[in-house]
**Student:** 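I have a structure I would like to understand better, so I am pasting it below and will then ask my questions one at a time.
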Amino acid sequence: MRRKLLLGNWKMNKTMAEAKEFAIASVRLSSIAREKGIDIGVAPTFLSLTTVKALNPDLIVAAQTCHYEDKGAFTGEISVPMLKEIGIDWVLIGHSERRTYNNETNLSCNKKLHKLVDSKMIPVYCVGETLSEFEDGRTKDIVETQLRVGMGDIPLDKVKAIIIAYEPVWSIGTGKNASTEIAEDVCLFIRQTVRGLFG
């Protein structure tokens with residue numbers, strides 16, 4: 001049976017003081033989740049990663065992105081070794097806002113996924129379609145391309161380290177919600193596509 005995972009992305013929200021307050025308040029929630037067999041976590045800003053991890057060690061703490069190079073002239077970026085140094089081993093990859101505002105592509109996601117699995121990190125690979133793509137009936141075409149290109153040439157033994165998160169972009173902040181039927185249908189399609197790609 002699949003283990004349930006609840007992971008919240010803070011985006012560019014919460015100061016370090018607010019993150020500290022949350023981390024302390026979430027200790028009881030982590031305990032309840034553990035009793036119910038649910039893994040829970042958050043993806044804070046880079047500044048709050050160590051604070052949240054230190055104050056609630058039972059919470060999964062993920063970075064919101066990373067670079068695929070270990071070092072270099074990449075202003076504002078964070079490398080995998082930097083994350084590992086502070087004890088972070090989960091990273092979101094391909095979030096819709098990173099794709100929209102930071103020109104993240106399926107190919108750059110692929111480089112990041114390779115870097116993360118090679119470094120024994122846990123990537124959470126976000127896939128999903130925009131409103132226009134949804135309305136045009138292109139959901140599965142978009143998701144399949146994101147999976148094929150984004151996960152291209154990942155070794156079979158490392159695929160199991162990747163968590164795939166279906167993120168219908170059109171339901172974020174729009175008041176529109178993906179129904180249970182839509183989400184389940186796309187998640188089934190994701191599983192079938194990954195099975196077709198990797199066995």
Side-chain angles (χ1 to χ4, degrees), residues 2-3 5-16 19-20 22-23 26 30 39-128 143 145-167 169 190 193-194 197-198:
R2 291 186 194 89
R3 193 168 173 86
L5 170 65
L6 178 62
L7 190 64
N9 177 13
W10 286 4
K11 308 186 181 190
M12 195 176 70
N13 292 294
K14 292 195 187 298
T15 62
M16 289 176 68
K20 179 179 180 180
F22 171 89
S26 68
S30 297
D39 295 323
I40 64 170
V42 291
T45 64
F46 286 123
L47 291 174
S48 297
L49 290 171
T50 53
T51 298
V52 176
K53 189 166 183 66
L55 292 173
N56 187 349
D58 290 332
L59 200 62
I60 293 167
V61 180
Q64 295 180 14
T65 188
C66 70
H67 201 277
Y68 49 80
E69 295 289 354
D70 284 347
K71 58 186 174 181
F74 304 106
T75 301
E77 293 289 348
I78 302 291
S79 71
V80 167
M82 291 172 184
L83 292 172
K84 290 187 83 166
E85 186 177 31
I86 60 171
I88 301 300
D89 50 14
W90 285 62
V91 184
L92 303 184
I93 296 298
H95 188 279
S96 63
E97 290 160 355
R98 295 288 306 175
R99 291 177 186 266
T100 301
Y101 305 130
N102 298 88
N103 300 315
E104 194 149 293
T105 65
N106 294 327
L107 285 172
S108 64
C109 288
N110 179 253
K111 290 180 181 180
K112 293 180 181 189
L113 288 174
H114 274 277
K115 181 65 183 177
L116 289 165
V117 297
D118 288 345
S119 302
K120 297 182 171 48
M121 303 274 276
I122 301 170
V124 179
Y125 183 41
C126 304
V127 298
V143 169
T145 299
Q146 290 170 336
L147 293 170
R148 285 185 181 279
V149 178
M151 297 177 67
D153 297 321
I154 299 286
L156 180 59
D157 63 323
K158 293 180 178 176
V159 169
K160 63 186 176 186
I162 300 172
I163 294 169
I164 300 169
Y166 172 53
E167 179 193 26
V169 182
I190 288 170
T193 302
V194 171
L197 290 170
F198 299 101

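Predicted, not measured: the structure shown is a model, and the values here were computed from it.
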**Student:** Quick one: list whatever passes side-chain contact (heavy atoms from CB on, under 4.5 Å) with Thr15, sequence neighbours left out.
**Tutor:**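 Counting only residues at least two positions away or on another chain, Thr15 forms a side-chain contact (heavy atoms from CB on, under 4.5 Å) with Ala17, Glu18.
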**Student:** How long is the straight-line distance from CG of Leu83 back to OG1 of Thr65, given to the nearest 0.5 Å?
**Tutor:**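 Atom-to-atom, Thr65:OG1 and Leu83:CG are 9.0 Å apart.
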**Student:** If you take all heavy atoms of Gly150 and Tyr125, which pair is closest and at what distance?
**Tutor:**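 Heavy-atom minimum between the residues: CA-OH, 3.4 Å.
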**Student:** When you compare the side chain of Cys66 with that of Met82, does any pair of heavy atoms fall below 4.5 Å?
**Tutor:**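 Of all side-chain heavy-atom pairs linking Cys66 with Met82, none is under 4.5 Å.
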**Student:** State, without any angle test, whether His95 and Gln64 hold a side-chain donor-acceptor pair at a distance under 3.5 Å.
**Tutor:**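 The criterion, which ignores hydrogens and geometry beyond distance, is not satisfied for Gln64 and His95.
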**Student:** Could you work out, with side-chain contact (heavy atoms from CB on, under 4.5 Å) as the rule, every residue matching Asp89, not counting sequence neighbours?
**Tutor:**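 side-chain contact (heavy atoms from CB on, under 4.5 Å) check on Asp89 returns Met121.
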**Student:** Which heavy-atom pair separates Glu69 from Ser79 by the least distance, and what is that distance?
**Tutor:**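 Looks like O-CB, 3.5 Å.
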**Student:** Just wondering, more than 12 heavy atoms not from Lys120 lying within 6.0 Å of its NZ?
**Tutor:**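 Not buried by this count: 12 neighbours or fewer within 6.0 Å.
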**Student:** If I compare all heavy atoms of Ile88 with all of Ala63, which pair ends up nearest, and what's the gap?
**Tutor:**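 Between these two residues, the closest heavy atoms are CG2-N, 3.9 Å.
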**Student:** Provide the closest heavy-atom pair for Ala62 versus Leu49 in the form atom of the first, atom of the second, distance.
**Tutor:**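 Heavy atoms of Ala62 and Leu49 come nearest at O-CD2, 3.5 Å.
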**Student:** As a test of understanding, state which of Thr51, Thr50, Thr45 forms a side-chain contact (heavy atoms from CB on, under 4.5 Å) with Leu47.
**Tutor:**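 Of the listed residues Thr51, Thr50, Thr45, the side-chain contact (heavy atoms from CB on, under 4.5 Å) partner of Leu47 is Thr45.
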**Student:** Quick one: which residue pairs count as a ring-ring contact (aromatic ring centres under 6.0 Å, His included) with a foot in residues 66-87, not counting sequence neighbours?
**Tutor:**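 Listed by first then second residue: His67-Phe74.
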**Student:** Apply side-chain contact (heavy atoms from CB on, under 4.5 Å) to Ser30 and list each qualifying residue two or more places apart in sequence or on a separate chain.
**Tutor:**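 Ser30: side-chain contact (heavy atoms from CB on, under 4.5 Å) contacts with Ile40, Asn56, Asp58, Leu59.
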**Student:** Under 3.5 Å, which donor-acceptor pairs do the side chains of residues 154-161 form with other protein atoms, sequence neighbours left out?
**Tutor:**
| from | atom 1 | to | atom 2 | distance (Å) |
| --- | --- | --- | --- | --- |
| Lys158 | NZ | Asp118 | OD1 | 2.9 |

**Student:** For the residue pair Leu7 and Leu92, establish whether any side-chain heavy-atom pair is separated by less than 4.5 Å.
**Tutor:**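 Result yes, sub-4.5 Å side-chain heavy-atom pair found.
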**Student:** Please find the pair of heavy atoms, one from Tyr166 and one from Gly128, that lie closest to each other, and give the distance.
**Tutor:**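 Residues Tyr166 and Gly128, closest heavy atoms: CE1-CA, 4.0 Å.
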**Student:** Does some side-chain heavy atom of Val143 sit less than 4.5 Å from a side-chain heavy atom of Thr193?
**Tutor:**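 No, their side chains stay 4.5 Å or more apart.
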**Student:** What's the shortest heavy-atom distance between Gln146 and Asn106, and which atoms?
**Tutor:**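 Heavy atoms only, the tightest pair is CG-OD1, 3.4 Å.
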**Student:** With heavy-atom distances below 4.5 Å as the criterion, would you say the side chains of Met151 and Ile164 are in contact?
**Tutor:**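 Touching, per the 4.5 Å side-chain cut-off.
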**Student:** I would like to know whether Ser48 and Lys14 meet side-chain contact (heavy atoms from CB on, under 4.5 Å); could you show each step before the answer?
**Tutor:** CA-CA 8 Å; Ser48 297; Lys14 292 195 187 298; 5.8 Å; no
**Student:** If the condition is side-chain contact (heavy atoms from CB on, under 4.5 Å), which residues does Ile163 pass it with, not counting sequence neighbours?
**Tutor:**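 By the side-chain contact (heavy atoms from CB on, under 4.5 Å) rule, Ile163 matches Leu5, Trp90, Ile122, Val124.
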**Student:** Can a donor-acceptor pair be found, under 3.5 Å and without considering hydrogens, that links the side chain of Lys115 to the backbone of Val80?
**Tutor:**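 Such a contact is absent between Lys115 side chain and Val80 backbone.
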**Student:** Can you tell me how far apart CG (Asp39) and CZ (Arg3) are? Round to the nearest 0.5 Å.
**Tutor:**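 Reported to 0.5 Å precision, the distance equals 4.0 Å.
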**Student:** State the SG-CZ distance between Cys126 and Arg99, to the nearest 0.5 angstrom.
**Tutor:**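 Here the rounded value is 8.0 Å.
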**Student:** About how many Å separate OG of Ser119 and CG of Asp70, when rounded to the nearest 0.5 Å?
**Tutor:**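 Reported value, rounded in 0.5 Å steps: 7.0 Å.
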**Student:** State, with a plain yes or no, whether a side-chain heavy atom of Glu104 is found less than 4.5 Å away from one of Lys112.
**Tutor:**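 The answer is yes; the side chains approach within 4.5 Å.
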